[in-house]
Number of protein chains: 2
Amino acid sequence: MSEKLTPMIQSFILHFGEMGSRWGINRTVGQMYALLVLRKEPLCADDITEALGISRSNVSMGLKELMSWELVKLQHRPGERKEFYSAPGDVWDIAKTLIEQRRKREIDPTLSTLRNLLIETPANDEEAYAQQRMREMHELIEMLTLWTQEIQRLDSAQLGKLLKLGNSIGKVLDMKDRLLGSGKKESMK
Amino acid sequence: MSEKLTPMIQSFILHFGEMGSRWGINRTVGQMYALLVLRKEPLCADDITEALGISRSNVSMGLKELMSWELVKLQHRPGERKEFYSAPGDVWDIAKTLIEQRRKREIDPTLSTLRNLLIETPANDEEAYAQQRMREMHELIEMLTLWTQEIQRLDSAQLGKLLKLGNSIGKVLDMKDRLLGSGKKESMK
DNA sequence: CTGTAATTTCAGAATATACTGAAAATTCAG
DNA sequence: CTGAATTTTCAGTATATTCTGAAATTACAG
């Protein structure tokens with residue numbers, strides 16, 4: 001890392017590089033994305049090379065990766081060969097993309113693997129028990145995924161309103177009490 | 001990996017080892033945990049060594065890691081030196097622990113870093129813009145964390161009931177329409 | 001206490017991942 | 001078309017992570 005980054009921006013970039021690497025994203029790619037998020041104007045590969053002090057080819061590969069995650073948009077300026085990259089201006093858009101991509105890459109294959117193992121006939125008690133755990137896991141993941149998808153449907157504006165409700169977010173889920181509260185009555189007036 | 005694991009159980013273990021490694025968890029540790037989850041009875045370190053075909057010392061380190069995540073419980077048998085390990089019998093308990101630990105290790109430090117950067121006075125327009133993005137990010141993460149915490153309050157039994165409601169999970173979040181629906185009225189009858 | 005069964009530690013080896021520079025490929029202004 | 005600007009590829013190198021065996025430590029049955 002080098003050049004004209006201010007300490008504030010440096011700290012952010014370093015932190016998110018670190019975070020990225022804990023979540024299976026290459027540290028450098030994480031830094032590149034952090035930089036793009038903080039900049040209003042699109043950057044070209046050389047800008048990134050200079051800002052982070054890494055090789056041009058590394059930047060090229062990183063951008064390719066970010067493109068494959070659909071986290072970054074490619075732009076051209078009229079009469080210029082050079083390519084410019086930018087991150088969405090809306091944090092919630094970024095989060096939704098991350099969630100969506102993770103789902104495609106990890107959750108869906110996992111659910112599929114589980115389903116394949118669940119249709120087999122257990123050979124003995126041990127496998128029967130194992131299958132039961134797999135069944136519970138499948139159910140749970142599927143449910144959490146459904147919830148997540150509901151939340152993803154919200155757009156930034158809606159989310160903004162929700163934010164303004166502040167800590168009373170709890171109220172949204174108070175609904176649960178009506179659903180789960182006192183036993184068998186499942187009707188909600 | 002070796003010995004007496006059935007193909008079904010092998011597949012599960014391999015898949016979750018792979019998944020773990022994409023989420024910043026060592027592949028072998030992921031496999032160890034997968035094995036523990038599938039087994040009803042607690043296992044000792046040698047059982048794991050044999051089942052996965054890895055070194056005894058590797059198992060020792062992996063168990064240490066799983067203990068630090070509080071994902072695994074240590075048990076003793078009367079009149080035996082040997083230590084036995086087991087995973088919670090409830091998948092939702094496991095998920096809650098994972099979420100909780102991730103929060104402690106990644107989310108909280110991130111929020112703290114963001115707050116520190118947000119109290120600084122921006123030196124120029126660029127920093128002002130960057131800070132704005134950080135502010136939005138902080139708000140979003142905080143809100144998602146609050147939601148997650150609400151959901152974590154549910155116990156398995158409650159979750160079970162919720163599951164039985166099936167796909168009408170959407171209903172839980174229909175609440176959002178009442179909150180966000182048609183503009184300014186914030187009261188919920 | 002003591003001896004032994006068990007666990008932990010850790011330096012070094014094995015493996016996997018990330019990074020670079022140079023060369024090849026691509027793109028488009030002229 | 002052409003060739004200069006730009007991007008991509010990739011073999012080799014550097015770095016980081018994981019794994020092992022041997023030695024040190026610990027815990028407890030007797």
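Residue numbers start from 1 in every chain, and the chains themselves are labelled A, B, ... in the order their sequence lines are given, proteins ahead of strands.
The nearest whole Å value for the distance from the CG atom in A:Leu43 to the P atom in D:dT6 is 16 Å. Taking atom CG of B:Asp47 as the reference point, atom C1' of C:dT7 lies 15 Å away to the nearest angstrom. The interatomic distance linking A:Ile25 (CD1) with C:dA18 (C1') rounds to 15 Å, in whole Å. One can place CD1 of A:Ile48 at 14 Å from P of C:dT20, the figure rounded to the nearest angstrom. Between the CG atom of B:Leu52 and the P atom of D:dC19 there is a distance of 11 Å, rounded to whole Å.
Considering only the side chain of B:Ser55, D:dT20 comes nearest among D:dT20, D:dT8, D:dC19. Listed candidates were D:dT20, D:dT7, D:dC19. Nearest to the side chain of B:Ile54 is D:dT20. Side-chain proximity of B:Glu83 to C:dT8, D:dT18, D:dT8: nearest is C:dT8.
Mapped onto DNA chain C by nearest heavy atom, A:Gly79 and A:Met61 fall at different nucleotides, with A:Met61 at the one closer to the 5' end. The nearest heavy atom of DNA chain D to A:Cys44 and to A:Arg27 marks one nucleotide each, and the one closer to the 5' end goes with A:Cys44. A residue-by-residue look at A:Glu80 and A:Arg56 shows that A:Arg56 has its nearest nucleotide of DNA chain C further toward the 5' end.
One finds no side-chain N or O of A:Lys82 lying less than 4.0 angstrom from the OP1 or OP2 phosphate oxygen of C:dC28.
Distance CD/A:Glu80 to NZ/A:Lys82: 6.5 Å, rounded to 0.5 Å.
B:Arg39 forms no cation-pi arrangement with A:Tyr129, by the criterion of a distance under 6.0 Å to the ring centre and an angle within 45° of the ring axis. Annotation: cation-pi pair A:Arg105/A:Trp69 present, NZ/CZ under 6.0 Å from the ring centroid and within 45° of its normal.
Remark: A:Arg115 does not engage A:Glu120 in a salt bridge, criterion side-chain N to carboxylate O under 4.0 Å. Note on B:Glu83 versus B:Arg77: no salt bridge recorded, every NZ/NE/NH1/NH2 to OD/OE distance being 4.0 Å or above.
Nucleic acid contact class of B:Asn58 (heavy atoms, under 4.0 Å, all strands): base.
Counting atom types as modelled, B:Ser57 pairs a side-chain N or O with a base atom of D:dG21 as donor and acceptor under 3.5 Å. Taking only distance into account, the side chain of A:Arg81 meets the base of D:dA5 through a donor-acceptor pair shorter than 3.5 Å.
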